[in-house]
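To keep things clear, I will list the structure first and then write my remarks on it.
Here is how names work: the chains are called A, B, and so on, in the same order as the sequence lines, proteins then strands, and each is numbered from 1.
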There are 2 protein chains.
Amino acid sequence: MTPAPRKPASASSGPSRRFARFEDLPIAVAVDVALVTAEAGQLHALLVRPTAPEAGGDWALPGGFVDPSESVDAAAERVLAAKAGIEDVFLEQLYTFGAVERDPRTRVVSVAYYALVERARLGAVLQADRRLAPLSVPWEGEAGGRVEALDEKGRALPLAFDHADILGLVVKRLRGKLRYAPIGFELLPDRFPLRALQEIHETVLGRPLNKHSFRRSVLASGLVASANRREKTVGHRPAELYRFQASKPRKDR
Amino acid sequence: MTPAPRKPASASSGPSRRFARFEDLPIAVAVDVALVTAEAGQLHALLVRPTAPEAGGDWALPGGFVDPSESVDAAAERVLAAKAGIEDVFLEQLYTFGAVERDPRTRVVSVAYYALVERARLGAVLQADRRLAPLSVPWEGEAGGRVEALDEKGRALPLAFDHADILGLVVKRLRGKLRYAPIGFELLPDRFPLRALQEIHETVLGRPLNKHSFRRSVLASGLVASANRREKTVGHRPAELYRFQASKPRKDR
DNA sequence: TCGACATATATGCGTCAAGCAACTAAGTGT
DNA sequence: ACACTTAGTTGCTTGACGCATATATGTCGA
């Protein structure tokens, strides 16, 4: 999974070193955040190139160590704000990666998060050092579900550590969550045509959905309300715009 | 959420203490394992009384600190084997609890796991210091979903730290997972009547299921196969016994 | 030995959600 | 006026699920 040095750094710093108190155990706690959006039928994630060549110069998810005075959740928010300038978005813990040698330098346990944001909010972030890379998402049933990040020519970008695994799990989580949670709205602007929501779902699930069925179920869910407005189009009938509505007036289940 | 001392121990050991290397950051990494089984229509979890009165003498989930030389997953397995004598069971990461003051003594980030096992495998474990406590499981839609552990008289046992939150999340996870994963079999012996599987599902979901529908969907799933055997009963028709079958010969979806 | 009893298993049918296809609606441009 | 494109609707079919009821298979007691 990771190249080169195999022994953890803690071992090389003294095999018989003892720690008087458990809070001195040399395990660093970090967070990695996958900032995901959808555009043109593909999922995209924000990647940064580490300034230091420690990770082999590979592209990486924004991340950082957890400060002892902050909660792990707060660390994820801080990282997202510092490295992407993004606040107040859907941010949820994904999974904790605790393999011994996931970082060849030293022992790091990383709590991975994923955030969802509409594409338009990322404009200011996309600079030289930071990029929004499209993800090559494998078919749902495929073994492993390993996800690659692609550059502008469709080549796979080398990802640091186990960050490809993290992205793979993000996609799995999104697919599972879409079945019962309204996460599609996180990737859309305030007002949107139903077709855009369907495209989001199809992008996440990786398969086409029936227009009538989708429309029927979304409207019946009570999660959307008409904005009494229409989109501006250039050669065809404009679609009605909807907005997300938190209330969920279904009977039960 | 937790009583008494509010300041983390790291602060009291020197407010301006610096750490030369990030691996000396004073955050301890621990695992807590909820060992869950089902019996008589109720979920049960294994609780231990800490030998030291550090946690206020409250009942707690089996847990321990992660050793720098082992993965977090391995630590969970080790804790389960050491404190419950249980190996080779369904064991899955649940969530990582990272609030600053979840343990009033010092900063501990805990990776929670849950394990499923059939009741019969727990026999040797239930001793004076360890107990299998029934869980009072709130109704699905209920706010918070906080779960209590009950003693033999139905009174709520005081639980250490945020362990009640962990148990609440276990129940939520089980309910969600039951929809698409065959976790019911983990709680049953090798051969079982379908009625027992339905009882497991009803216990986890907290609501009755239609017998015909349940039977139909389970048999259609291809996950069970007849064991060509019947249970031994004492006054009525015996049920056919089934066994879990890994293959899943459905077309898709 | 036979019938009451309890639980298992099957049958029939109504309801509802989802899928497929074809149709109508509302814009722009020639 | 008519072609073109996308939006939205209608009708029908299929399949999953729920409820009620009937039949099956064992034990047990009169």
Side-chain angles (χ1 to χ4, degrees), chain A residues 40-41 140 175 178-182 184 188-189 191-243 248-253, chain B residues 40-41 140 175 178-180 182 184 188-189 191-202 204-243 248-253:
Chain A
E140 171 132 23
R175 285 178 174 168
L178 203 55
R179 295 178 186 175
Y180 61 93
L188 289 171
R191 320 264 166 160
F192 54 87
L194 287 188
R195 174 69 202 169
L197 182 60
Q198 181 172 349
E199 277 176 4
I200 295 287
H201 280 237
E202 290 176 338
T203 299
V204 170
L205 295 176
R207 62 185 174 91
L209 298 175
N210 181 270
K211 179 163 68 166
H212 186 199
S213 300
F214 181 81
R215 179 169 263 281
R216 194 166 33 193
S217 64
V218 168
L219 291 176
S221 75
L223 288 173
V224 298
S226 169
N228 295 317
R229 242 184 265 184
R230 306 201 154 188
E231 67 177 346
K232 293 167 186 169
T233 58
V234 284
H236 58 83
R237 173 177 175 176
E240 191 169 1
L241 295 180
Y242 289 82
R243 56 190 167 76
K248 204 175 180 181
R250 281 189 293 185
K251 28 188 176 182
D252 63 345
R253 189 191 181 84
Chain B
E140 171 132 22
R175 286 177 173 167
L178 203 55
R179 296 179 185 173
Y180 62 93
L188 288 172
R191 321 265 165 157
F192 53 87
L194 287 188
R195 174 69 201 169
L197 182 60
Q198 181 172 350
E199 277 177 4
I200 295 287
H201 280 239
E202 290 176 338
V204 169
L205 296 177
R207 62 184 174 91
L209 297 175
N210 181 272
K211 182 158 64 168
H212 185 199
S213 299
F214 182 82
R215 178 170 264 279
R216 194 166 33 193
S217 63
V218 169
L219 291 176
S221 74
L223 289 172
V224 298
S226 169
N228 295 317
R229 237 183 271 184
R230 307 201 152 186
E231 67 177 344
K232 292 167 186 170
T233 56
V234 284
H236 59 83
R237 172 177 176 178
E240 192 169 0
L241 294 180
Y242 290 82
R243 58 190 165 75
K248 203 174 178 180
R250 281 189 293 186
K251 29 187 173 182
D252 62 344
R253 188 188 182 89

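- One finds no side-chain N or O of B/Asn210 lying less than 4.0 angstrom from the OP1 or OP2 phosphate oxygen of D/dC17.
- In terms of heavy atoms, A/Arg243 sits closest to A/Ser226 at NE-O, 4.1 Å.
- Here NE2 of A/His201 is found 9.0 Å from CD of A/Gln198. Values are rounded to the nearest 0.5 Å.
- In this structure, B/Arg230 reaches the sugar-phosphate backbone alone: every heavy-atom distance under 4.0 Å involves primed, P, OP1 or OP2 atoms, never a base.
- Atoms CZ (A/Arg229) and P (C/dA26) sit 21 Å apart, rounded to a whole Å.
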Under 3.5 Å, N/O pairs linking protein and nucleotides 5-9 of chain D:
{"from": "D/dT6", "atom 1": "O4'", "to": "A/His236", "atom 2": "ND1", "distance (Å)": "3.4"}
{"from": "D/dA7", "atom 1": "N3", "to": "A/Arg237", "atom 2": "NH1", "distance (Å)": "3.2"}
{"from": "D/dG8", "atom 1": "OP1", "to": "A/Glu240", "atom 2": "N", "distance (Å)": "2.6"}
{"from": "D/dG8", "atom 1": "OP2", "to": "A/Arg215", "atom 2": "NH2", "distance (Å)": "2.5"}
{"from": "D/dG8", "atom 1": "O5'", "to": "A/Arg215", "atom 2": "NH2", "distance (Å)": "3.2"}
{"from": "D/dG8", "atom 1": "N7", "to": "A/Lys211", "atom 2": "NZ", "distance (Å)": "2.9"}
{"from": "D/dT9", "atom 1": "OP2", "to": "A/Arg215", "atom 2": "NH1", "distance (Å)": "3.3"}

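- Defining each end axis of the helix from C/dT1-D/dA30 to C/dT30-D/dA1 as the rotation carrying four pairs' C1' atoms onto the next four, with five pairs an end, the two axes are found to diverge by 20° to 10 degrees.
- Evaluation of atom-type donor-acceptor distances gives a pair under 3.5 Å for the side chain of A/Arg216 against the base of C/dA18.
- The shortest non-hydrogen separation linking B/Ala196 to B/Leu188 is CB-CD2, 4.0 Å.
- A/Leu223 CG to A/Tyr242 OH: the interatomic distance, rounded to the nearest 0.5 Å, is 13.5 Å.
- Scanning both residues, B/Glu202 and B/Leu209, for their nearest heavy atoms gives OE2-N, 2.8 Å.
- Comparing A/Ser213 and A/Val234, the nucleotide of DNA chain C nearest to each residue sits closer to the 5' end for A/Ser213.
- Atoms CZ (A/Phe214) and C1' (C/dA17) sit 15 Å apart, rounded to a whole Å.
- In this structure, A/Arg195 fails the cation-pi test against A/Phe214, since its NZ or CZ atom is not both closer than 6.0 Å to the six-membered ring centre and inside 45 degrees of the ring normal.
- Between B/Phe192 atom CZ and C/dA8 atom C1' the separation is 16 Å, expressed in whole Å.
- Within the 4.5 Å cutoff, side-chain heavy atoms of A/Arg229 are placed close to those of A/Arg191.
- Here the side chains of A/Phe192 and A/Val224 are in contact, with some heavy-atom distance below 4.5 Å.
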